[in-house]
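Below, all heavy atoms of this structure are taken into account, side chains as well, without hydrogens, waters or symmetry copies. Convention: sequence-line order gives letters A, B, ...; per-chain numbering from 1. All values derive from a computational prediction rather than experimental measurement.
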2 protein chains.
Amino acid sequence: MERRVEQLSLGLRRSGLRLTHQRLEIVRVLAADETHPDAETVYEAVRMRVPTISMDTVYRTLATLSDRGLITRVQFLPGPARYDVNQTTHHHFVCTCCGLVRDIDDPALDAIRPTADVRRMGRTDAVSVQFRGVCTACRGGKTRRT
Amino acid sequence: MERRVEQLSLGLRRSGLRLTHQRLEIVRVLAADETHPDAETVYEAVRMRVPTISMDTVYRTLATLSDRGLITRVQFLPGPARYDVNQTTHHHFVCTCCGLVRDIDDPALDAIRPTADVRRMGRTDAVSVQFRGVCTACRGGKTRRT
DNA sequence: ATGGGTGCAAATAATTTGCATACAA
DNA sequence: TTGTATGCAAATTATTTGCACCCAT
């Protein structure tokens, strides 16, 4: 987690960008939040440490980080976009009920390669698998019943 | 394609909803458009046949159809949501350059099942694989060169 | 005939942008 | 010091909603 703060900070510096107080705090929030937060959530969390930060600085920083490939903007469900700090290859479980997003690490899924059909469509840069459903919490902890 | 018009129309009627002139034309546009159009694109196409239709009727109809599971709202890239008429199990190639979305039919991908890890997260209703990259057209037809 | 559907306009949500000031390098 | 980043406010984009009238059933 502390490593993530360093990776993101270093990534910004390497792009010749300034590591401002605001950016550092945004990066800290992102590194500590595994829930794929949206801009609003990041804003609220950062405001606790930098009460004067503005929403558009959060938006601009999130855009900067994803333009640099340091975080990933995702939109699994209607509503605000969310941001994923995890830059290793992984997949997702998405709860269509509460919006929960959980990372999935599975070498078998990482091994999926585009077939000839897909290669004919274009060059593939990334493959990701999405499992949509209803999370355990939304089902009231009932694993076996409907 | 004509079959799709019937399936969507029937789907509406089965839900006890009225098959209005506007809805029928929207359904016709959707059935004929394989490009996963956004609301604006559907609106423009329908306007050629029903010049008085309003944008919010298009939005409302698209919402109605996806609520009934007759079409699927997808959002692969930033910007407006897009709608997928294809209700058979399939996957997608997404061009991050021009926004092209192509359907992929591949039984091997359809066969992906949630592992124990994923089952612990919740009940999975759908699995879909996304290939992101740059389409042939955006690469200028160059299949082998960078 | 009658209740759901439409069109209009206004509201809301999510995000972006212009500009003067502030601060990291 | 110097230009990039910030904060404020206003603009844009995408979508939703209230309401009176209309039309499919």
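Computed from coordinates, the B/Met55 CE to D/dT15 P distance equals 7 Å when rounded to whole Å. Between the C1' atom of D/dA9 and the CG atom of A/Asp56 lies a distance of 9 Å, rounded to the nearest Å. One atom, CD1 of A/Ile26, and another, C1' of D/dA5, lie 11 Å apart when rounded to the nearest Å. In this entry the distance linking CZ of A/Arg82 with C1' of C/dT15 reads 17 Å, nearest Å. The distance from atom CG of B/Leu17 to atom C1' of D/dT25 is 12 Å, rounded to the nearest whole Å. A straight line from CG of B/Leu24 to P of C/dG4 spans 21 Å, rounded to a whole angstrom. Atom pair B/Tyr43:OH and C/dC8:P shows a separation of 8 Å (rounding to whole Å applied). Rounding to whole angstrom units, CG of residue B/Leu12 and P of D/dA24 are separated by 14 Å.
Side-chain atoms of A/Ile26 and A/Val42, non-hydrogen and from C-beta on, do get closer than 4.5 Å to each other.
Out of C/dT15, C/dC19, D/dT15, the shortest distance to the side chain of B/Ala81 is found at D/dT15. When each of C/dG7, D/dA14, D/dA24 is scored by its nearest atom to the side-chain atoms of B/Ile53, the top-ranked nucleotide is C/dG7.
Position along DNA chain D of the nearest nucleotide to B/Leu19 versus B/Gln75 favours B/Gln75 as the more 5'-ward residue.
Distances shorter than 4.0 Å separate some side-chain N or O of B/Tyr59 from OP1 or OP2 on D/dT15. Between A/Thr20 and D/dT6 there is a side-chain N or O to OP1 or OP2 distance below 4.0 Å. In this structure, A/Arg73 reaches the C/dT15 phosphate: one of its side-chain N or O atoms is under 4.0 Å from OP1 or OP2. Listed pair A/Gln22 / D/dG7 meets the phosphate criterion, a side-chain N or O lying under 4.0 Å from OP1 or OP2.
No hydrogens or angles considered: nothing links the side chains of B/Asp67 and B/Thr64 as a donor-acceptor pair under 3.5 Å. When only modelled atom types and interatomic distance are considered, B/His91 and B/Asp106 share no side-chain donor-acceptor pair under 3.5 Å.
Side-chain N/O atoms of B/Arg60 and base N/O atoms of C/dG4 include no donor-acceptor pair closer than 3.5 Å. Donor-acceptor pairing under 3.5 Å, judged by distance alone, is absent between the side chain of B/Arg23 and the base of C/dG4. Within 3.5 Å, no donor on the side chain of B/Arg18 pairs with an acceptor on the base of C/dG5, nor the reverse.
Residues meeting the side chain to side chain contact (heavy atoms under 4.5 Å, CB included) test with A/Ser9, sequence neighbours left out: A/Val5, A/Leu19, A/Leu24, A/Val27.
If you take CD on B/Glu40 and OH on B/Tyr59, they are separated by 7.5 Å, rounding to the nearest 0.5 Å.
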